[in-house]
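Presented below is the structure to which this report refers.
If you read the sequence from its start, that first residue is 1, and numbering goes on from there. Remember, it's 1-based here, ligands and their atoms both numbered in the order they're listed.
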Amino acid sequence: MRLGINIDHVATIRNARGGIHPDPLKAAKIAEKSGADGITAHLREDRRHISDQDIKALKENISIPLNLEMAATEEMLEIALDSKPERVCLVPEKRLEVTTEGGLDLLNLTNKKESVVFDIIKQCKKSNIDVSLFIDPEIKQIEVANSLGVNIIELHTGEYCNSQYKIKELKRIKDAVIFAVDNNIEVHAGHGLNFENVKEIARIKYIKELNIGHFLIGESIFMGLESVIRKMRYIIDTSQ
Ligand code: PXP
(Lines give C-alpha, C1' and ligand atoms only; values in the text may rest on other atoms or scores of the structure.)
Protein backbone atom coordinates (compact mmCIF):
# COMPACT_ATOMS: atom_id res chain seq x y z
CA MET A 1 0.00 0.00 0.00
CA ARG A 2 1.57 3.27 -1.13
CA LEU A 3 1.62 6.34 1.10
CA GLY A 4 1.11 9.75 -0.47
CA ILE A 5 1.88 12.73 1.70
CA ASN A 6 -0.31 15.78 1.26
CA ILE A 7 1.79 18.88 1.96
CA ASP A 8 -0.94 21.53 1.54
CA HIS A 9 -0.84 22.63 5.13
CA VAL A 10 2.83 23.45 5.08
CA ALA A 11 1.73 26.08 2.57
CA THR A 12 -1.16 27.08 4.86
CA ILE A 13 1.35 27.96 7.59
CA ARG A 14 3.63 29.73 5.12
CA ASN A 15 0.77 31.79 3.74
CA ALA A 16 -0.32 32.88 7.22
CA ARG A 17 2.63 35.28 7.10
CA GLY A 18 2.75 35.79 3.37
CA GLY A 19 6.43 34.86 3.15
CA ILE A 20 8.43 31.86 1.95
CA HIS A 21 8.72 29.82 5.15
CA PRO A 22 7.99 26.95 5.73
CA ASP A 23 8.61 25.69 2.22
CA PRO A 24 6.32 22.87 0.94
CA LEU A 25 9.14 21.66 -1.32
CA LYS A 26 11.38 21.11 1.70
CA ALA A 27 8.55 19.10 3.30
CA ALA A 28 8.18 17.06 0.11
CA LYS A 29 11.89 16.27 0.10
CA ILE A 30 11.77 15.15 3.72
CA ALA A 31 8.72 13.01 2.88
CA GLU A 32 10.60 11.47 -0.01
CA LYS A 33 13.52 10.40 2.16
CA SER A 34 11.18 9.22 4.96
CA GLY A 35 9.45 6.55 2.90
CA ALA A 36 6.65 8.40 1.11
CA ASP A 37 5.72 6.94 -2.25
CA GLY A 38 4.25 10.13 -3.63
CA ILE A 39 3.48 13.78 -2.93
CA THR A 40 -0.04 15.14 -3.09
CA ALA A 41 -0.86 18.83 -3.42
CA HIS A 42 -4.21 20.52 -3.94
CA LEU A 43 -4.08 23.63 -6.07
CA ARG A 44 -7.33 25.26 -5.01
CA GLU A 45 -9.05 27.78 -7.21
CA ASP A 46 -8.64 30.42 -4.48
CA ARG A 47 -4.94 29.45 -3.99
CA ARG A 48 -5.44 29.48 -0.23
CA HIS A 49 -2.44 27.20 0.35
CA ILE A 50 -0.55 25.62 -2.58
CA SER A 51 0.42 28.05 -5.34
CA ASP A 52 1.06 27.58 -9.05
CA GLN A 53 4.76 28.11 -8.31
CA ASP A 54 4.69 25.33 -5.68
CA ILE A 55 3.38 22.89 -8.27
CA LYS A 56 6.17 23.80 -10.67
CA ALA A 57 8.83 23.54 -7.96
CA LEU A 58 7.49 20.17 -6.78
CA LYS A 59 7.37 18.74 -10.27
CA GLU A 60 10.90 19.90 -11.04
CA ASN A 61 12.53 18.86 -7.80
CA ILE A 62 11.03 15.65 -6.47
CA SER A 63 11.63 12.23 -7.89
CA ILE A 64 8.55 10.45 -6.53
CA PRO A 65 5.20 10.88 -8.34
CA LEU A 66 3.23 14.10 -7.93
CA ASN A 67 -0.51 13.77 -7.47
CA LEU A 68 -2.17 17.09 -8.29
CA GLU A 69 -5.57 17.47 -6.67
CA MET A 70 -7.73 19.96 -8.51
CA ALA A 71 -11.27 21.01 -9.31
CA ALA A 72 -12.65 19.95 -12.67
CA THR A 73 -12.24 23.27 -14.47
CA GLU A 74 -10.70 24.38 -17.74
CA GLU A 75 -8.18 26.54 -15.88
CA MET A 76 -6.95 23.55 -13.88
CA LEU A 77 -6.80 21.35 -16.95
CA GLU A 78 -4.47 23.85 -18.57
CA ILE A 79 -2.24 23.89 -15.50
CA ALA A 80 -2.17 20.09 -15.39
CA LEU A 81 -1.23 19.77 -19.05
CA ASP A 82 1.47 22.36 -18.56
CA SER A 83 2.97 21.02 -15.31
CA LYS A 84 2.53 17.32 -16.16
CA PRO A 85 2.09 15.70 -12.74
CA GLU A 86 2.06 11.91 -12.80
CA ARG A 87 -1.59 12.02 -11.76
CA VAL A 88 -4.46 14.41 -11.29
CA CYS A 89 -7.17 13.70 -8.76
CA LEU A 90 -10.41 15.54 -9.45
CA VAL A 91 -12.07 16.85 -6.31
CA PRO A 92 -15.15 19.00 -5.70
CA GLU A 93 -14.50 22.52 -4.48
CA LYS A 94 -16.73 24.94 -2.65
CA ARG A 95 -15.32 28.36 -1.90
CA LEU A 96 -16.48 28.51 1.70
CA GLU A 97 -15.54 25.00 2.81
CA VAL A 98 -12.57 24.59 5.15
CA THR A 99 -11.65 21.28 3.55
CA THR A 100 -12.94 18.92 0.85
CA GLU A 101 -16.19 17.96 2.55
CA GLY A 102 -17.29 15.12 0.33
CA GLY A 103 -16.47 13.37 -2.91
CA LEU A 104 -17.40 14.52 -6.39
CA ASP A 105 -21.10 13.90 -6.88
CA LEU A 106 -20.92 12.12 -10.22
CA LEU A 107 -24.66 11.39 -10.16
CA ASN A 108 -25.57 15.06 -10.26
CA LEU A 109 -23.00 16.65 -12.53
CA THR A 110 -24.39 19.44 -14.68
CA ASN A 111 -24.01 18.81 -18.41
CA LYS A 112 -21.28 21.44 -18.53
CA LYS A 113 -19.35 19.91 -15.61
CA GLU A 114 -19.69 16.44 -17.08
CA SER A 115 -18.21 17.59 -20.36
CA VAL A 116 -15.28 19.27 -18.54
CA VAL A 117 -14.65 16.08 -16.52
CA PHE A 118 -14.76 14.09 -19.72
CA ASP A 119 -12.38 16.48 -21.45
CA ILE A 120 -9.93 16.33 -18.52
CA ILE A 121 -9.97 12.53 -18.58
CA LYS A 122 -9.40 12.47 -22.34
CA GLN A 123 -6.69 15.13 -22.52
CA CYS A 124 -4.78 13.90 -19.49
CA LYS A 125 -4.76 10.35 -20.85
CA LYS A 126 -3.32 11.70 -24.10
CA SER A 127 -0.55 13.39 -22.09
CA ASN A 128 0.16 10.26 -20.04
CA ILE A 129 -1.26 11.75 -16.85
CA ASP A 130 -3.33 9.32 -14.80
CA VAL A 131 -6.73 10.55 -13.65
CA SER A 132 -8.38 9.66 -10.39
CA LEU A 133 -11.82 10.75 -9.16
CA PHE A 134 -12.33 11.54 -5.48
CA ILE A 135 -15.74 10.11 -4.60
CA ASP A 136 -17.73 8.92 -1.62
CA PRO A 137 -17.70 5.15 -1.04
CA GLU A 138 -20.94 4.48 -2.90
CA ILE A 139 -21.53 1.84 -5.55
CA LYS A 140 -23.56 4.26 -7.70
CA GLN A 141 -20.71 6.76 -7.79
CA ILE A 142 -18.30 4.03 -8.80
CA GLU A 143 -20.63 2.92 -11.60
CA VAL A 144 -20.56 6.41 -13.06
CA ALA A 145 -16.77 6.65 -12.59
CA ASN A 146 -16.50 3.40 -14.52
CA SER A 147 -18.72 4.66 -17.31
CA LEU A 148 -16.57 7.79 -17.58
CA GLY A 149 -13.62 5.53 -18.32
CA VAL A 150 -11.36 6.30 -15.35
CA ASN A 151 -9.31 3.47 -13.92
CA ILE A 152 -8.48 5.02 -10.55
CA ILE A 153 -10.78 6.31 -7.81
CA GLU A 154 -9.96 7.73 -4.40
CA LEU A 155 -12.55 7.00 -1.74
CA HIS A 156 -13.35 9.77 0.74
CA THR A 157 -12.72 8.38 4.23
CA GLY A 158 -13.88 11.52 6.05
CA GLU A 159 -17.25 10.12 7.11
CA TYR A 160 -15.63 6.98 8.47
CA CYS A 161 -13.08 9.05 10.40
CA ASN A 162 -15.70 11.37 11.90
CA SER A 163 -18.44 8.83 12.51
CA GLN A 164 -19.34 7.22 15.81
CA TYR A 165 -20.62 4.28 13.79
CA LYS A 166 -17.29 3.10 12.50
CA ILE A 167 -18.35 -0.47 11.73
CA LYS A 168 -21.11 0.67 9.40
CA GLU A 169 -18.88 3.20 7.65
CA LEU A 170 -16.08 0.67 7.33
CA LYS A 171 -18.44 -1.76 5.66
CA ARG A 172 -19.48 0.92 3.17
CA ILE A 173 -15.82 1.44 2.30
CA LYS A 174 -15.09 -2.28 2.02
CA ASP A 175 -18.12 -2.87 -0.23
CA ALA A 176 -17.07 0.04 -2.42
CA VAL A 177 -13.50 -1.25 -2.66
CA ILE A 178 -14.64 -4.72 -3.69
CA PHE A 179 -17.05 -3.36 -6.28
CA ALA A 180 -14.35 -1.11 -7.77
CA VAL A 181 -11.71 -3.84 -7.88
CA ASP A 182 -14.22 -6.20 -9.53
CA ASN A 183 -14.58 -3.54 -12.21
CA ASN A 184 -10.81 -3.24 -12.67
CA ILE A 185 -10.61 0.14 -11.00
CA GLU A 186 -7.60 0.88 -8.79
CA VAL A 187 -8.64 2.17 -5.38
CA HIS A 188 -7.00 4.87 -3.27
CA ALA A 189 -8.37 6.37 -0.08
CA GLY A 190 -7.90 9.39 2.09
CA HIS A 191 -9.18 12.27 4.21
CA GLY A 192 -9.09 12.61 7.96
CA LEU A 193 -6.75 9.67 8.56
CA ASN A 194 -4.55 9.55 11.65
CA PHE A 195 -2.42 6.99 13.52
CA GLU A 196 -5.53 5.31 14.99
CA ASN A 197 -8.21 5.34 12.32
CA VAL A 198 -5.77 4.41 9.55
CA LYS A 199 -5.37 0.88 10.94
CA GLU A 200 -8.70 -0.54 9.75
CA ILE A 201 -8.33 1.17 6.39
CA ALA A 202 -4.82 -0.23 5.96
CA ARG A 203 -6.23 -3.71 6.55
CA ILE A 204 -8.28 -3.46 3.36
CA LYS A 205 -5.63 -5.01 1.21
CA TYR A 206 -7.09 -4.02 -2.15
CA ILE A 207 -6.52 -0.33 -1.44
CA LYS A 208 -3.37 0.61 -3.31
CA GLU A 209 -2.68 4.06 -1.88
CA LEU A 210 -3.52 6.28 1.04
CA ASN A 211 -3.20 10.06 0.85
CA ILE A 212 -2.73 11.72 4.20
CA GLY A 213 -2.05 15.34 5.05
CA HIS A 214 -3.52 17.42 7.81
CA PHE A 215 -2.85 15.06 10.71
CA LEU A 216 0.74 14.41 9.66
CA ILE A 217 1.64 18.05 9.18
CA GLY A 218 -0.02 18.94 12.50
CA GLU A 219 1.66 16.12 14.38
CA SER A 220 5.03 17.01 12.87
CA ILE A 221 5.02 20.09 15.11
CA PHE A 222 5.50 17.71 18.02
CA MET A 223 7.39 14.80 16.47
CA GLY A 224 9.16 16.21 13.42
CA LEU A 225 8.04 15.43 9.89
CA GLU A 226 10.43 12.56 9.26
CA SER A 227 9.44 10.71 12.46
CA VAL A 228 5.75 11.23 11.89
CA ILE A 229 5.89 9.88 8.32
CA ARG A 230 8.03 6.91 9.38
CA LYS A 231 5.55 6.13 12.16
CA MET A 232 2.59 6.31 9.77
CA ARG A 233 4.45 4.08 7.29
CA TYR A 234 5.12 1.58 10.08
CA ILE A 235 1.48 1.55 11.26
CA ILE A 236 0.22 1.01 7.71
CA ASP A 237 2.71 -1.80 7.04
CA THR A 238 2.06 -3.60 10.30
CA SER A 239 -1.74 -3.29 10.10
CA GLN A 240 -1.95 -5.40 6.95
N1 PXP B 1 -7.28 13.02 -0.55
C2 PXP B 1 -7.96 14.07 -1.07
C3 PXP B 1 -8.57 13.89 -2.42
C4 PXP B 1 -8.07 15.28 -0.37
O5 PXP B 1 -8.77 16.30 -0.92
C6 PXP B 1 -7.43 15.42 0.87
C7 PXP B 1 -7.49 16.73 1.59
O8 PXP B 1 -6.91 17.73 0.83
C9 PXP B 1 -6.70 14.32 1.36
C10 PXP B 1 -6.67 13.13 0.65
C11 PXP B 1 -5.98 14.38 2.66
O12 PXP B 1 -6.86 14.63 3.71
P13 PXP B 1 -6.29 15.01 5.13
O14 PXP B 1 -5.56 16.31 4.96
O15 PXP B 1 -7.50 15.11 5.99
O16 PXP B 1 -5.36 13.91 5.55
Sub-3.5 Å donor-acceptor pair from the side chain of Glu219 to the main-chain atoms of Val228, do we have one?
no
Heavy-atom nearest neighbour in the protein, as seen from atom 5 (O) of ligand 1, with distance rounded to 0.1 Å:
Glu69 OE1, 3.1 Å
Considering distance alone, does some N or O of His214 sit under 3.5 Å from an N or O of ligand 1?
yes
Phe215 heavy atom under 4.0 Å from ligand 1
no
Would you please name every residue forming a salt bridge (Lys or Arg N to Asp or Glu O under 4.0 Å) with Arg230, sequence neighbours left out?
Glu226
Distance to 0.1 Å, residue and atom name: give those for the protein heavy atom nearest to atom 1 (N) of ligand 1.
Glu154 OE2, 2.5 Å
Heavy-atom nearest neighbour in the protein, as seen from atom 11 (C) of ligand 1, with distance rounded to 0.1 Å
Asn211 O, 3.7 Å
Can you name the one residue among Lys208, Arg2, Arg87 that meets salt bridge (Lys or Arg N to Asp or Glu O under 4.0 Å) with Glu186?
Arg2
Around atom 15 (O) of ligand 1, find the nearest protein heavy atom and jot down its residue, atom name and distance.
Gly192 N, 2.8 Å
Polar-atom distance check: Gly213 versus ligand 1, any N or O pair below 3.5 Å?
yes
Is the side chain of Lys113 donor-acceptor paired with the backbone N or O of Ala72 at a distance under 3.5 Å, no angle test?
yes
Among Val91, Ile50, Asn6, Leu210, which one has a heavy atom closest to atom 8 (O) of ligand 1?
Asn6
Minimal heavy-atom distance between Leu193 and Phe215, with the atoms involved, is O-CB, 3.4 Å
Can you pull out the closest protein heavy atom to atom 12 (O) of ligand 1? Residue, atom name and distance to 0.1 Å, please.
His191 CA, 3.4 Å
Taking atom types as modelled, find out whether His42 and Glu93 have a side-chain donor-acceptor pair closer than 3.5 angstrom.
yes
Below 30° counts as parallel, above 60° as perpendicular, anything between as tilted: where do the rings of His49 and His9 land?
perpendicular
